[in-house]
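Below is one structure, written out as structure tokens; the observations come after it.
Every chain is numbered from 1 and lettered A, B, ... according to where its sequence line falls, protein lines coming before strand lines.
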Amino acid sequence: MERYNFKLIENKWQKLWESNKTFATTIDKSKKKFYCLEMFPYPSGKIHMGHVRNYTIGDVLARYKILQGYNVLHPMGWDSFGMPAENAARQNNLDPKTWTESNIQKMKLQLKKLGLSIDWDREISTCSDDYYIHQQKFFLELLKKKLVYRKENYVNWDPVDKTVLANEQVIDGKGWRSGAIVERKKLNQWFFNISKFSQNLLDGLETLDNWPNKVKVMQKNWIGKSFGCEIDFKIESDLPVNKIQCFTTRPDTLFGFSFLALSVDHEISNYFKDDPDFFKFKEECSKTGTTEEALAVGEKIGFKTKLKAINPLNPSQKVPVYFANFVLMDYGFGAVFGCPAHDQRDFDFAKKYNLEIKTVVKPDEENESFQVTNEAYTGSGKLINSDFLNGLNVPDESIIKTIKILEEKKLGKKKINFRLKDWGVSRQRYWGCPIPIAYDDAGNPYPIPDEMLPVKLPENIDLNSKGNPLDNQSSWKEVQINGKKLTRETDTLDTFVCSSWYYLRFCSPKEKSYGFSKDDIDYWMPVDQYIGGVEHAILHLLYSRFFMQALSFENTKFNILEPFNGLFTQGMVCHETYKDPDNNWVSPEEIETIDGKKYLKNDKSKLITVGPSESMSKSKKNTIDPEDIINNYGADSARLFILSDSPPEKDVQWSEEGIISSYKFIQKLWSLNTVILDEINKDHQKNNNEELEIYTQKFLKKITENLEKFSYNKIIANLYELYSFLSKEIKNSYKKEVLINNYKKILIAMTPIIPHFANECLEILEIKEIKWPEYDESKLREDIINIVIQFNGKKRGLIKTELNTTEKTLIEKINKDEKLIKYLDDKNIKKTIYVKNKLINIII
RNA sequence: GCCCUCGUGGUGAAAUUGGUAGACACAAAGGACUUAAAAUCCUUGCCGCUUGCGGAGUGCCAGUUCGAGUCUGGCCGAGGGCACCA
């Protein structure tokens with residue numbers, strides 16, 4: 001029997017799809033559209049197993065939807081700006097553009113070898129100027145809409161490399177590359193006003209029924225809506241300060257007020273500029289780092305001022321005002337009212353500085369003498385020691401009533417606050433989209449006029465000099481606008497901006513006048529199914545949602561608020577980890593197995609210890625190169641294996657045994673195909689099509705349902721079951737038409753999973769018309785079924801019987817059954833529960 | 001600390017949503033074919049007497065029900081997210 005030559009056959013089909021432009025799409029209003037999108041990759045030069053999984057999942061869906069008759073948009077592109085290119089360029093003395101473009105070529109070939117149903121005519125790359133020109137236009141459009149602004153903000157500053165670092169690039173307070181201690185520095189930065197849409201972004205989540213709940217919860221927490229009250233505290237001081245505004249969610253605990261704390265960046269700090277002690281304190285605060293996480297571990301410290309804050313509900317009470325390191329300037333008003341008894345953070349601070357801890361809430365089960373001692377009480381209960389507020393139920397009634405009283409007395413106002421901060425998009429790097437702005441000598445910004453766009457990145461730059469490379473390009477920096485000599489903005493945009501709108505560009509990849517055309521997005525948007533890693537649950541997905549809101553804002557032409565109708569987040573690809581006796585990581589191909597034990601291949605005296613399976617990473621050396629897998633076993637085997645065993649949303653374990661068994665399975669399917677062709681040629685005359693027909697219908701039902709639910713692992717199980725059924729059943733002398741008709745449907749249902757193999761078999765059978773085979777519910781019915789027999793809820797056997805057997809007949813059958821009759825004996829039947837066509841439970 | 005998700009064989013997992021627990025696969029052990037090996041195929045899988053049969057069994061404890069992996073309450077454990085957010 002001829003072996004299945006995957007190399008030849010896969011190559012043949014891939015060439016065919018390419019030359020026929022099988023997956024190229026255009027608008028066709030007679031058809032329903034389906035936009036299937038996977039998160040586009042960063043062009044590192046090599047695909048990894050994560051890509052294989054992500055793109056296989058998407059491809060299965062896209063191919064299924066094509067067969068169902070949808071007009072499917074399934075594009076691919078490159079998230080090609082970003083630091084790795086700069087680093088690689090610096091190391092290899094290359095230019096980032098050359099490096100990136102050659103990587104794209106390499107990766108594209110690898111992706112094509114997977115046999116994906118991609119419309120490559122729509123390929124885009126974010127680092128090419130015909131992409132980023134539109135991004136610059138969007139930037140200016142948002143600037144006009146006042147959704148972009150410039151402000152001074154604190155950043156992580158690496159004083160050696162002279163650049164801003166992202167939070168994740170600061171390790172133990174030091175720059176990841178230079179090792180220098182990171183400073184907190186105030187810089188002028190561009191911001192997108194994402195917080196303006198806080199409420200919209202929150203409301204939008206409610207409409208996203210096809211998103212994982214987990215992601216919605218994460219975004220909800222990130223947006224962080226809280227309900228409370230703003231309160232003006234009167235101040236007694238010899239400084240020209242007479243009030244401080246605070247935000248609080250617990251105005252009901254105002255009678256427990258014992259201090260007021262300010263951020264060191266609060267405007268009042270200006271009065272302390274010349275105080276050396278305050279300066280020292282501020283230094284101390286900045287040492288605790290800029291990341292919120294670093295702040296969290298740090299001890300609470302304060303700087304006492306001579307200011308006194310007056311309790312608005314009890315004007316005779318005056319409390320000290322502190323600067324404190326735990327107060328954030330960009331949340332609320334940078335000022336906090338402290339109630340130590342009912343807030344753990346305030347409690348810790350009060351303990352340290354010996355401030356009063358006055359209990360004003362008691363739990364329901366305690367009496368009025370209840371006292372907070374070791375930790376703050378934050379639960380529910382009743383207000384005590386609170387004058388006219390006493391007895392109110394905490395928290396709901398007490399908060400609402402207190403706000404009402406404060407409003408009536410004009411001491412405060414109901415207020416909703418969001419945790420979501422504006423998005424700082426300035427990056428002091430070369431390999432990104434230039435910000436289309438120039439400044440005059442006074443530092444006033446001017447937009448670059450439309451006809452001067454794109455602002456292209458200069459080429460042949462020196463990346464080895466310290467600091468921002470664009471800042472060192474004096475010839476590039478100078479620009480004349482309307483006869484005015486200006487200096488360009490030398491920061492580039494965060495690469496997350498590029499990926500915030502690429503899904504729109506795929507709809508109109510060649511459009512010149514704007515980032516996309518209205519006709520195109522009217523037809524294609526929103527993305528019906530977006531597929532990618534859960535690590536983008538917040539940033540990328542929230543930024544993209546914001547971008548859609550921002551483009552639709554004050555826009556009469558279109559109003560799309562949510563870019564991704566459905567979201568699916570796939571799990572990671574894991575592999576066992578290995579270490580040699582010297583505790584070094586060892587990669588799978590350096591290992592040889594002898595008698596079930598693993599040794600180092602080139603030194604078999606060294607025994608390898610097997611560690612837990614972890615997500616593939618270069619640092620642990622537990623990666624498997626997809627290219628090797630495809631070369632050795634073929635794309636269909638790789639696709640089959642990456643989908644098998646684990647549900648797509650969970651992590652999957654890669655194993656050598658697993659891929660081999662997938663490979664063998666395809667060989668078996670091929671042998672079976674040969675047998676079936678043989679049987680077809682024999683053209684038996686027996687007309688017993690029942691079993692095959694029912695099985696095929698059941699199979700199609702299962703496959704269809706599992707495709708709809710992303711239960712791709714179950715589809716693989718269905719295929720194995722199918723194989724074992726067919727390999728027995730096929731010898732049952734079916735007529736030619738019966739065999740072809742059923743087998744054809746089975747093969748078509750396989751094409752989304754193993755497209756090369758299934759298409760090849762269909763071609764041999766000369767099947768031209770390939771549509772998704774609908775199953776027929778009426779043909780699923782079996783006439784003889786098994787009924788479960790239970791006595792007192794315990795399963796005691798099965799009875800084969802006709803469909804719709806009555807309870808009476810069934811009990812008669814049980815009485816005739818040797819094995820079952822002994823349970824009945826001569827006992828009385830107290831009760832029977834009969835679930836028709838399924839089960840009978842006899843209580844005795 | 002707060003929020004979310006999940007606990008089923010040696011392993012990855014199924015179970016028509018309250019109705020046959022462990023489909024399908026990996027690994028292991030035994031067997032068949034073979035001079036032998038590889039490949040392939042079959043069987044087994046917890047505890048008892050041993051063809052068969054009976055019992056226990058879905059993290060633990062209780063509850064609802066004729067019937068619970070599935071529903072309810074409590075406990076234990078794992079993973080993920082957020083974290084001085086006032």
Side-chain angles (χ1 to χ4, degrees), chain A residues 212-222 224-226 228-231 246-251 253 260-261 263 288 291-300 324-328 330-339 343-346 348-349 375-376 378 417-421 534-535 537-538 574 596 613 641 644-647 649-662 664-665 668 701-702 705 711 713-724 786-798 819 830-835 838-844:
Chain A
N213 199 43
K214 178 171 66 166
V215 175
K216 288 193 277 189
V217 169
M218 278 161 75
Q219 291 211 358
K220 193 177 165 193
N221 292 341
W222 190 264
K225 182 177 181 173
S226 55
C229 176
E230 57 177 69
I231 302 174
C246 290
F247 171 74
T248 177
T249 54
R250 294 299 304 273
T253 61
L260 200 146
S263 160
T288 48
T291 67
E292 287 169 7
E293 211 167 342
L295 285 169
V297 220
E299 205 195 344
K300 288 160 191 57
N325 64 337
F326 60 82
V327 185
L328 307 170
D330 46 12
Y331 185 81
F333 300 100
V336 175
F337 112 78
C339 174
D343 181 295
Q344 192 56 43
R345 179 204 54 207
D346 295 347
D348 295 343
F349 190 76
E375 55 173 14
T378 53
N417 231 332
F418 293 94
R419 209 184 69 110
L420 182 64
K421 288 168 200 156
V534 74
E535 65 273 19
I538 294 176
C574 300
S613 186
F641 179 58
S644 63
D645 287 348
S646 292
E649 69 274 14
K650 287 181 90 180
D651 289 353
V652 65
Q653 319 290 330
W654 185 273
S655 74
E656 184 73 8
E657 293 80 12
I659 180 69
I660 290 172
S661 94
S662 292
K664 284 182 189 160
F665 184 60
K668 288 206 264 181
K701 181 177 183 199
K702 276 191 246 174
E705 286 174 352
S711 298
N713 56 322
K714 288 187 234 163
I715 293 182
I716 310 303
N718 298 151
L719 288 182
Y720 276 98
E721 284 164 339
L722 173 88
Y723 172 80
S724 76
N786 280 318
I787 300 226
V788 177
I789 314 300
Q790 293 185 339
F791 289 93
N792 289 339
K794 279 199 173 113
K795 179 199 162 194
R796 294 299 181 186
L798 293 171
K819 278 181 192 163
K830 285 183 191 152
K831 191 178 170 185
T832 58
I833 293 102
Y834 180 48
V835 184
K838 201 166 257 174
L839 162 149
I840 186 162
N841 188 7
I842 298 165
I843 311 302
I844 44 180

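For A:Phe641, the ring pair (Phe, Tyr, Trp, His ring centres under 6.0 Å) partners are A:Trp654, not counting sequence neighbours. In this view, A:Val217 and A:Asn213, A:Asn221 satisfy the side chain to side chain contact (heavy atoms under 4.5 Å, CB included) rule, not counting sequence neighbours. Scanning for side chain to side chain contact (heavy atoms under 4.5 Å, CB included) contacts around A:Glu230 gives A:Gln245, A:Phe333, A:Lys413, A:Lys415, with sequence neighbours left out. With sequence neighbours left out, the salt bridge (Lys or Arg N to Asp or Glu O under 4.0 Å) criterion links A:Lys702 to A:Glu721. Take A:Asp651 and apply the salt bridge (Lys or Arg N to Asp or Glu O under 4.0 Å) test, not counting sequence neighbours, and it matches no residue. Remark: A:Glu535 engages no residue in a salt bridge (Lys or Arg N to Asp or Glu O under 4.0 Å) (not counting sequence neighbours). A:Glu705 meets the salt bridge (Lys or Arg N to Asp or Glu O under 4.0 Å) test with A:Lys701; sequence neighbours excluded. Listed by chain and residue number, A:Tyr720, A:Tyr723 satisfy the ring pair (Phe, Tyr, Trp, His ring centres under 6.0 Å) test with A:Phe665 (two or more places apart in sequence, or in another chain).
When each of B:C24, B:C41, B:U20 is scored by its nearest atom to the side-chain atoms of A:Glu721, the top-ranked nucleotide is B:C24.
Between B:G57 and B:U50, the two P atoms lie 25 Å apart (nearest whole Å). Only the P atoms considered, B:G9 is 7 Å distant from B:G59, to the nearest whole Å. Taking atom P on both B:U11 and B:U17, the two are 29 Å apart, rounded to the nearest angstrom. B:A15 sits 30 Å from B:G63 when the P atoms are compared, rounded to a whole Å. Using C1' as the reference atom, B:G69 and B:G18 are 11 Å apart when rounded to the nearest Å. A gap of 34 Å separates the C1' atoms of B:G79 and B:A29, to the nearest Å. Between B:C66 and B:A32, the distance separating the two C1' atoms is 47 Å to the nearest Å. Using C1' as the reference atom, B:G31 and B:G45 are 15 Å apart when rounded to the nearest Å.
Annotated stems with RNA chain B as a participant read B:1-7 with B:76-82, B:10-12 with B:24-26, B:28-32 with B:40-44, B:46-49 with B:52-55, B:59-63 with B:71-75, given as range with range, by first number; only runs of 3 or more Watson-Crick or G-U pairs under 3.5 Å qualify.
Residue A:Lys220 is out of contact with every strand shown, counting any heavy-atom pair closer than 4.0 Å. Within 4.0 Å (heavy atoms only), A:Val788 reaches at least one base atom of the nucleic acid. Residue A:Thr832 is out of contact with every strand shown, counting any heavy-atom pair closer than 4.0 Å. Residue A:Ser655 is out of contact with every strand shown, counting any heavy-atom pair closer than 4.0 Å. At the heavy-atom level, A:Val327 lies under 4.0 Å from base atoms of the strands shown. Within the nucleic acid shown, A:Phe247 comes within 4.0 Å of at least one base atom, counting heavy atoms only. As judged by a 4.0 angstrom heavy-atom cut-off over every strand, A:Lys216 is placed among residues making no nucleic acid contact. Backbone-only contact: A:Lys664 has heavy atoms under 4.0 Å from sugar-phosphate atoms and none from a base.
Residue A:Ser661 is the one, among A:Ser661 and A:Trp222, whose nearest nucleotide of RNA chain B lies closer to the 5' end (criterion: closest heavy atom). Mapping A:Ile538 and A:Gly224 onto RNA chain B by nearest heavy atom places A:Ile538 closer to the 5' end of the strand.
A side-chain donor-acceptor contact under 3.5 Å links A:Asn792 to the backbone of A:Ile844. Judged by distance alone, the side chain of A:Asn417 and the main-chain N or O of A:Ser226 form no donor-acceptor pair under 3.5 Å.
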Using the 3.5 Å cut-off, write out each protein N or O paired with an N or O of nucleotides 43-49 of chain B and the distance between them.
none

For nucleotides 65-72 of chain B, tabulate all protein N/O to nucleotide N/O atom pairs closer than 3.5 Å, reporting atom names and distance.
| from | atom 1 | to | atom 2 | distance (Å) |
| --- | --- | --- | --- | --- |
| B:C66 | O2' | A:Asn841 | ND2 | 3.3 |
| B:C66 | O2 | A:Asn841 | ND2 | 2.5 |

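Taking syn as a glycosidic angle within 90° of 0, B:G45 does not qualify and is anti. Base orientation of B:U17: syn (glycosidic angle within 90° of 0).
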The contact string for nucleotides 10-16 of chain B, one letter per nucleotide 5' to 3', using protein heavy atoms under 4.0 Å with B, S and - for base, sugar-phosphate only and none, comes out as --BSSS-
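Counting to the nearest Å, the C1' atom of B:A86 and the CZ atom of A:Phe349 are 13 Å from each other.
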